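Scroll down for the structure; my scribbles are underneath it.
Quick caveat: nothing in here was measured; it's all calculated off a predicted structure. Protein chains get the first letters and strands the later ones, always in sequence-line order, with residue 1 at the start of each. Side-chain atoms are counted along with the backbone in the values below, which use heavy atoms only and exclude waters and symmetry mates.
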Amino acid sequence: MPKLDENPRVFLEEFRVKNAAEDYGLADDKWDFRKFKERFRIVIVKMDNLEMEFDLIGIQPAFANAFRRIMLSEVPSMAIEKVMIKNNTSIIQDEILAHRLGLIPLKADPRLFEYRPEGATEGTEFDTLEFSLKVKCTLNKTQTKDSFRPEDLYENHSVYSSQMKWLSIGNQGSVHKDNDVGPVHGDILISKMRPGHELDLNLVAIKGIGRDHAKFSPVATATYRLLPEITLTQEVNGGDATLLQSCFSPGVIGIDSNGCAFVKDARYDSCSRNVYRYDSIKNSVILSRIRDHFIFNVESVGAMAPHVIFTESIKILRDKCKTILDELSNF
Amino acid sequence: MKISELPGDEDSGLTCRTYVIQNETHTLGNALKCIVDRYEDVQFCGYTLPHPAESKIHFRIQTHETPALEVLKRGLKDLQRLCDHTLNLFEREVKEFNKT
């Protein structure tokens, strides 16, 4: 086996997953902040308002996992928690309707709100957002004779999230704008109705965390994986090269002008072990992953940009330590 | 109270303690264990979630000489330092990325 560089690796062999012989699994290193600081790097690969991909390099899995867990279940966001139902004559039951409404992502920035104190029955302008949803389905009087499409026959037969109206409480009107608090997507279908059906609801949104209910989670997904690495140990060409190429995700293996296979970009490989099915090529490749190179994928639900969500998660972990430290000073 | 001591270690000196941390899970437990376990003088460090329906962890520290409390404080401080460093670095990278 050729000598690879010093990164800690895990090898994906045909029948097992193996650590490098001299690698004791990061467990025996003594904790040294200076050493950590020297090695630790962050590389942002892709970033927009909804999705982000970045690398944390040289970090222990426990910390990477802590950040991931916090993004999923402890970074707060706003969601509809209570629905006052004044009238619901549609066929969808009250509790199902309330649940559906709860899952609608809201644009409101949770950092501008406080948690509602435990036991409080009335919301204030600092911890509550109120919406109303009042829709009545009627027959369309001006319908064309021959049409049987519901959109021609009825008015308001589909209720969409865009029909929610924001009711500002107290001073909220000057702090928030109508566009900044409502649903992220206006085209979420809430219910379908027929003439005579009516919805008259008051929706109350509060700030909460994903641990309490998944609707409060600010991310659609937050995942990490280890950086894949593929090493060719001998020349692969001709028919074997195309075979090798077909064993990996598209774009991972390239073939040069001499018909010789080379590793183009292992980053987006799915790490399947298909190569090991073919005796002719299975010995010419080493599959491995770098054990301290974490590729994070954060996909926001829409209220906060993904980089803000990650920043918040770091702050939350830091504040946890701080609260406990403060308490320990009385011990 | 967020943190308290589990009784049972009164007679064994200051070097071993089990701390109960309320409203915490693997998120903090594992991250903190990862640091404390790597200190020079620590003989044993581990944590457990005694019951999935209860939101608390038991955090156990045993050392050769250093008081357990001191080790715990040092661990928390180091974790805090790690967060601060990650935060700074990340914000710098975001700024850098937005420039280009």
Please give me the minimum heavy-atom distance between B:Ala31 and A:Phe63, naming the atom from each residue. O-CE2, 3.3 Å

I'd like to know whether NZ of A:Lys107 has more than 12 heavy-atom contacts from other residues, nucleotides or ligands below 6.0 angstrom. yes

Residues 79-100 of chain B: residues contacting chain A (heavy atom under 4.5 Å, by number): B:Leu79, B:Gln80, B:Arg81, B:Leu82, B:Cys83, B:Asp84, B:His85, B:Thr86, B:Leu87, B:Leu89, B:Phe90, B:Glu91, B:Glu93, B:Val94, B:Phe97, B:Asn98

Can you tell which part of A:Arg41 gets under 4.5 Å to a heavy atom of chain B, answering side chain, backbone, both or neither? backbone

B:Glu40, CD atom: more than 12 neighbouring heavy atoms under 6.0 Å: no

With heavy-atom distances below 4.5 Å as the criterion, would you say the side chains of A:Gln60 and B:Ile35 are in contact? no

Proximity breakdown for A:Val308 and chain B, heavy-atom pairs closer than 4.5 Å: neither

Against chain B, label A:Phe40 side chain, backbone, both or neither, depending on which of its atoms sit under 4.5 Å from a heavy atom there. both

Under 4.5 Å from any heavy atom of chain A - which part of B:Ser4: backbone

B:His26 NE2 to A:Arg69 CZ distance, which is reported to the nearest 0.5 Å: 5.5 Å

Over 12 non-hydrogen atoms of neighbours within 6.0 angstrom of OH in A:Tyr224: yes

Top contributor to chain B contacts, counting heavy-atom pairs under 4.5 Å, from A:Ser313, A:Ser73, A:Cys321: A:Cys321

Euclidean distance, B:Lys2 NZ relative to A:Glu327 CD, rounded to 0.5 Å: 8.0 Å

Can you confirm whether more than 12 heavy atoms, excluding those of B:Glu65, are under 6.0 Å from its CD atom? no

Using a 4.5 angstrom heavy-atom cutoff, name the option from A:Leu317, A:Thr323, A:Ile314, A:Val43 with the most pairs to chain B. A:Ile314

Gap between atom CD1 of B:Ile3 and atom CG of A:Asp326 - 0.5 Å precision: 12.0 Å

Once you round to the nearest 0.5 Å, how far does CD1 of B:Ile21 lie from CD1 of A:Ile324? 4.5 Å

Would the number of heavy atoms belonging to other residues, nucleotides or ligands and lying under 6.0 Å from CG of A:Asn49 be above 12? no

Gap between atom CG of B:Asn23 and atom CZ of A:Arg211 - 0.5 Å precision: 6.0 Å

For the NE2 atom on A:His99, are there more than 12 heavy atoms of other groups (residues, nucleotides or ligands in this structure) within a distance under 6.0 Å? no

Could you name the residues of residues 69-78 of chain B that have a heavy atom within less than 4.5 Å of a heavy atom in chain A? B:Leu69, B:Leu72, B:Lys73, B:Leu76, B:Lys77, B:Asp78

